[in-house]
Number of protein chains: 2
Amino acid sequence: MSVQERKERERAVRERLIVATARELAEQQGWDAVTTRRLAERIEYSQPVLYSHFRGKREIIGAVALEGAVEMAAALRAATSAADGPRARVTALARAYLDFAARNPAVYDAMFQLDGGLAFAQEDTPEPLKDGFAALLESLGEVAGDGVHPALFTEVFWAALHGLATLSRAGRLPPEDAERRVELLVDRLAVL
Amino acid sequence: MSVQERKERERAVRERLIVATARELAEQQGWDAVTTRRLAERIEYSQPVLYSHFRGKREIIGAVALEGAVEMAAALRAATSAADGPRARVTALARAYLDFAARNPAVYDAMFQLDGGLAFAQEDTPEPLKDGFAALLESLGEVAGDGVHPALFTEVFWAALHGLATLSRAGRLPPEDAERRVELLVDRLAVL
DNA sequence: GACCCGATCCTAGCACCGCTAGACAATCGA
DNA sequence: TCGATTGTCTAGCGGTGCTAGGATCGGGTC
């Protein structure tokens, strides 16, 4: 069985290589530049090899999205755990979220702008996505206010962050006031 | 000069036909289905005719976006003018915004998700886009609260609405709580 | 050690995309 | 009526995601 195990290991390595290369290429030149031909060339295999790992380009985007969700959840938890008190935690959370989106635009797109074929807000939602929402919920639930369901509050706060992230990056909001928008959002939405 | 005028008129009619057809096709089958070939076939001209009106597909998307901006501004003003008092106005505005996004997903995408080659938040931003923001500002400025710049408040509120609109439509938020999210957003963000 | 067979990979090609060069036809002004 | 100009079309370029089918390589068996 050792031979088969070795092959499976090598396959897993190659699959990670595909996802990492897709992500790298997307961050460098945008998702439009991530074509199956270029991706195949970069991993030094032919195009059809990609399709032995993924059903298509969409699934590759989905794999990058899941990887990103894990990282984002970790980044949010790291930021909030270093903050004292609800207010500081929420502010840190908001900054960390927008910072992640700004620093990893391609990954953020894979998660929330592109179609990676992933289910959201459902039972069959992949675990990393659920955990990403859970990371938001942990800090936001405590400032939802009386009589407001923590999950509902988290959805609204998340939507606001998502709007700021996407509109900012698309140049639809003036960049200079970014910090003041965050402060306003936290001050108004969170019950402290 | 009459001949030339007639030709110009006919050209203008055809240009409107292109934009209207692109919009229709996008609403029916999504923007992916709006290819230059299909569009040309629908208007019963050959592909190159499109390029005598627009530089490329991007500009066609931009034209649909501008058309949408005019309609959205009108829809927002109609909704707010029928409401009494700041609170009712802001609620009506939020509902009208989300309603427009839900009813015209392809137009909304052209405006805010796709690249239509339009400038935002700059001096050379096309008038319809500026006016769309102005329509938001008219109702939101009066609930910004003391010491908060109306434009900044409008940006934050708009971002929140945009986040709700996009996440809802992508199936990333449970659809059943849509109304409660709007109420929460208005209650918290607006100073009444 | 030789052979067979199955897994693995690549070449080549499909139908489609956005976009454009150049041929052709229709229309206008002289 | 003729030449020039304007307008439109056919055909084709290089690219896309994806796949069928042949070649090759390696492991298991005699």
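Only a predicted model underlies this, so the values are computations on that prediction, with no experimental measurement involved. A note on names: the letters A, B, ... follow the listed sequences, proteins ahead of strands, and every chain is numbered from 1.
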Contact list for residues 81-101 of chain B, test salt bridge (charged side-chain N to carboxylate O under 4.0 Å, His left out), sequence neighbours left out: B:Arg87-B:Asp187, B:Arg89-B:Glu142, B:Arg95-B:Glu179, B:Asp99-B:Arg103

Tabulate below the donor-acceptor pairs under 3.5 Å that side-chain atoms of residues 113-123 of chain A make, not counting sequence neighbours, or state none.
residue  : atom : partner  : partner atom : Å
A:Asp115 : OD1  : A:Gly117 : N            : 2.9
A:Asp115 : OD2  : A:Arg58  : NH2          : 3.2

Qualifying ring-ring contact (aromatic ring centres under 6.0 Å, His included) pairs, either residue in residues 65-88 of chain B, two or more places apart: none

Under 4.0 Å, heavy atom to any atom of DNA chain C: which of residues 12-31 of chain B qualify? none

With ring-ring contact (aromatic ring centres under 6.0 Å, His included) as the rule and sequence neighbours excluded, what pairs involving residues 159-182 of chain B come up? B:Tyr108-B:His162, B:Phe112-B:His162

Checking A:Leu189, A:Val186, A:Leu185, A:Thr80 against A:Val90 for side chain to side chain contact (heavy atoms under 4.5 Å, CB included), the one that qualifies is A:Val186

Scan residues 59-68 of chain B against DNA chain C and write down, sorted by residue number, each residue with any heavy atom closer than 4.0 Å; if none is found, say none. none

Round to a whole Å and report the spacing from CZ of A:Phe54 to C1' of D:dG17. 16 Å

Scan nucleotides 18-23 of chain D against the protein and return all N/O pairs shorter than 3.5 Å with their distances rounded to 0.1 Å.
residue : atom : partner : partner atom : Å
D:dC18  : OP2  : A:Tyr51 : OH           : 2.9
D:dC18  : OP2  : A:Lys57 : N            : 2.7
D:dC18  : O5'  : A:Tyr51 : OH           : 3.2
D:dC18  : N4   : A:Gln47 : OE1          : 2.7
D:dC18  : N4   : A:Gln47 : NE2          : 3.0

May I ask you to say what A:Thr35 touches in the nucleic acid, namely base, sugar-phosphate or nothing, with a heavy-atom cut-off under 4.0 Å? sugar-phosphate

Going by salt bridge (charged side-chain N to carboxylate O under 4.0 Å, His left out), name the residues that satisfy it together with B:Glu127, two or more places apart in sequence or in a different chain. none

Just jot down the side chain to side chain contact (heavy atoms under 4.5 Å, CB included) partners of B:Glu41, sequence neighbours excluded, or say none. none

Please state how far atom CD in B:Glu41 lies from atom C1' in D:dT8, giving the value in whole angstrom units. 17 Å

Rounded to whole Å, CG of B:Leu50 lies from C1' of C:dC19 at a distance of 11 Å

Can you tell me how far P of C:dG18 sits from CG of A:Asp32, to the nearest Å? 13 Å

Which is true for B:Arg38 with a 4.0 Å heavy-atom rule: it touches a base, it touches only sugar-phosphate, or it touches nothing? sugar-phosphate

Could you give all pairs that pass the salt bridge (charged side-chain N to carboxylate O under 4.0 Å, His left out) test and reach residues 154-174 of chain A, with sequence neighbours left out? A:Asp109-A:Arg169, A:Glu155-B:Arg181

Between D:dG27 atom P and A:Glu10 atom CD, what is the distance in whole Å? 10 Å

Sequence-distant partners of A:Trp158, side-chain hydrogen bond (donor to acceptor under 3.5 Å, both in side chains), two or more places apart: A:Tyr97

Determine all donor-acceptor pairs shorter than 3.5 Å in which one atom belongs to a side chain in residues 45-52 of chain A; sequence neighbours excluded.
residue : atom : partner : partner atom : Å
A:Gln47 : NE2  : A:Thr36 : OG1          : 2.7
A:Ser52 : OG   : A:Val49 : O            : 2.6

Salt-bridged, A:Arg77 to A:Asp131, with N to O below 4.0 Å? yes

Find the distance A:Leu39:CG to D:dG17:C1' and express it as a whole number of Å. 12 Å

